[in-house]
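Notes to accompany the following structure.
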Amino acid sequence: MPDSGLQPWNESKGVMTDSAARPYEGPSRARYLLDGRRVGVADLLSGGLLKEGEQLKFVRRLVGETHHATVTSKGWIRLDDGDEFRSPSAAAAAAVGSGSFDGWNAWTVNDGRPLAALRQQLLDQAAEEAGTDTVEERQTSLAPSARHARLKTVREQAEKGEPQSLSVQELLGWWGATGRGPVNDQIEAELANHSLVTAPGFDKVPLDSTIELVKAPDGFSGEELVAGAQAFTAPTANEGESHETGLTVGTLPSALGGVTSVKPTATLEEVITLMTLHDFSQLPVLAGPHHLRGAVTWKSIARTRHVDPNASLSQVIVDARDVRYDHDLIDILPLLAELDFVLVKDQHNAIAGIVTAADVAQAYGDLASHFLLIGEMDRRLRQIIAETFALPEVTALCDPTGERVTSFGDMTVGDYLRVFENPERWNQLGWRLDRKVFIGRLEEIRRIRNNVMHFNSSDPLPRADVDKIRNLNKLLREYGGGS
């Protein structure tokens with residue numbers, strides 16, 4: 001069997017230790033457990049809450065079955081038939097032979113406590129080891145121990161049926177983030193450690209959308225959870241596997257923004273009036289939030305009335321398609337090309353909004369404008385450097401071996417930074433600007449650029465970030481010359 005990859009942190013060396021070894025105690029280990037990873041059975045073993053050879057039970061009282069397993073030296077779960085599993089849920093499903101189970105709550109130790117209780121104990125110990133947060137950290141909830149305490153309280157509320165509501169932006173703030181991207185994996189892992197998910201998925205809706213932190217549905221476990229809607233449909237294929245961030249239907253503002261509709265009993269005059277007053281091109285016909293009967297469009301009205309001027313509503317209704325809010329946007333483009341719109345279902349499968357071809361064009365247009373701005377910045381920085389310095393002066397700073405930068409076109413934003421950071425090269429520019437301030441802004445934009453160019457976030461750039469790039473381009477036009 002392959003190694004689990006979930007091994008304890010060796011504080012003295014800054015590397016992972018052998019999985020059978022007890023990790024060093026201290027703040028590094030605490031942060032390692034609290035900050036951005038899913039806790040595994042191997043962590044319970046290395047933390048002393050489980051021991052090699054410990055017996056586990058999975059009791060299914062309703063069907064009168066009891067399954068047994070053993071904890072191995074590397075923190076896997078071995079069934080009686082000899083098969084070993086890193087995931088408690090995979091072990092539970094294999095023991096039964098079918099179905100999906102929350103293995104963290106299914107498997108218990110000799111005193112009757114589920115593995116989930118041991119996981120919580122380990123996280124509590126890590127929070128205590130991390131020490132007391134500063135006043136500022138407690139206020140911002142950015143420190144791992146403060147965030148752990150908050151998530152623990154939220155889970156207790158969720159178990160009582162009182163889920164906390166907040167915006168996606170507020171949730172990101174708990175991790176000190178202003179936008180989605182690489183931080184998603186950390187958020188998902190820490191939510192999973194507390195058996196929490198968001199509804200709807202925090203990475204599938206606009207930043208200002210309201211979500212709830214709810215208890216994970218039965219049948220899904222911490223190591224398999226992906227925060228949000230995916231947890232309500234199917235577990236991820238591999239524990240701890242990152243997933244790509246891309247535009248989903250729900251990230252468009254109109255997708256879950258509500259929808260005006262009529263019932264099948266409405267009159268055509270009512271439909272025409274609503275469409276005219278709201279400047280709609282189409283209007284859904286719903287028998288209820290979960291029952292889409294079709295839609296009326298100006299085209300369907302014109303065609304039907306051309307044949308029968310006295311046509312009723314039922315005669316002008318055409319087929320309409322619905323998609324879930326967490327559906328990849330790129331996959332519905334052919335459907336939008338054919339129908340010009342789709343209705344959008346929320347996490348409860350109720351019709352909650354509408355997305356048109358125009359909405360998608362605007363979303364991709366915004367994304368394209370970011371690429372154009374960044375492209376202009378790259379071009380101007382490279383042009384300024386090429387016109388001011390000789391290539392050997394640049395390679396001496398960026399690539400002394402001469403293996404990577406063989407022309408100015410090979411330079412990255414990091415290379416631009418190295419050139420401008422050099423006091424001699426900076427003076428050679430002759431700019432009456434503060435070098436440190438300029439470098440600081442360029443470093444900020446480098447991070448923004450990486451997120452955009454590597455598609456790390458499905459969110460539009462915040463206005464402040466767009467302004468930073470625009471203003472830098474303006475400065476480069478003024479000081480670097482050119483159009």
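Treat the numbers as computed from the prediction; the structure is a model and nothing was measured.
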Do [X] and [Y] have side-chain atoms, one donor and one acceptor, less than 3.5 Å apart?
X	Y	answer
Ser254	Asp359	yes
Glu190	Trp175	yes
Glu188	Asn184	no
Arg441	Asn471	no

Return the minimal non-hydrogen interatomic distance between Val259 and Pro284, and the atom names on each side. CG2-CG, 3.6 Å
What one should report as the nearest heavy-atom pair of Leu49 and Leu118 is CD1-O, 3.3 Å
My understanding is that only residues two or more places apart in sequence, or in another chain, count here; which of them pass ring pair (Phe, Tyr, Trp, His ring centres under 6.0 Å) with His67? Phe58
Please name all residues satisfying ring pair (Phe, Tyr, Trp, His ring centres under 6.0 Å) with Phe438, sequence neighbours left out, ordered by chain then number. Phe420, Trp426, Trp431
Sorted by chain and residue number, the side chain to side chain donor-acceptor pair (under 3.5 Å) partners of Thr72 (sequence neighbours excluded) come out as none
Report the residues that fulfil side chain to side chain donor-acceptor pair (under 3.5 Å) with Asp80, sequence neighbours left out, ordered by chain and then residue number. none
So does [X] pair up with [Y], basic N to acidic O under 4.0 Å?
X	Y	answer
Glu421	Arg418	no
Lys436	Asp434	no
Arg155	Glu159	yes
Asp322	Lys345	yes
Arg78	Glu84	yes

Answer yes or no: is there a side-chain heavy-atom contact under 4.5 Å between [X] and [Y]?
X	Y	result
Leu329	Thr248	no
Val71	Glu52	no
Arg321	Phe341	no
Pro200	Tyr325	yes
Asn473	Ile469	yes
Val168	Asp208	no
Leu286	Lys263	no
Leu115	Pro88	yes

More than 12 non-hydrogen atoms from neighbouring residues, nucleotides or ligands closer than 6.0 Å to CD on Glu156, yes or no? yes
Using a cut-off of 6.0 Å, state whether more than 12 heavy atoms not belonging to Ile330 lie near its atom CD1. no
Which residues pass the salt bridge (Lys or Arg N to Asp or Glu O under 4.0 Å) test with [X], not counting sequence neighbours?
X	result
Arg404	Asp415
Asp378	Arg449
Arg446	Glu443
Arg293	none

Any donor and acceptor pair, going by atom type alone, linking the side chain of [X] with main-chain N or O of [Y] inside 3.5 Å?
X	Y	value
Arg147	Trp174	yes
Ser209	Val205	no
Asn193	Val39	yes

Please list, chain by chain and in numerical order, all residues satisfying side chain to side chain contact (heavy atoms under 4.5 Å, CB included) with [X], sequence neighbours excluded.
X	value
Glu212	Pro163, Ser165, Val214
Val63	Arg60, Glu65
Thr153	Gln157
Asp346	Leu256, His348, Ala350, Ala352

What's the spacing between Leu196 CG and Gln164 CD if we round to 0.5 Å? 10.0 Å
Begin with the C-alpha distance, continue with both residues' side-chain angles, and end with the deciding distance and a verdict on salt bridge (Lys or Arg N to Asp or Glu O under 4.0 Å) for Lys152 and Asp124. CA-CA 9 Å; Lys152 185 176 179 181; Asp124 289 343; 3.0 Å; yes
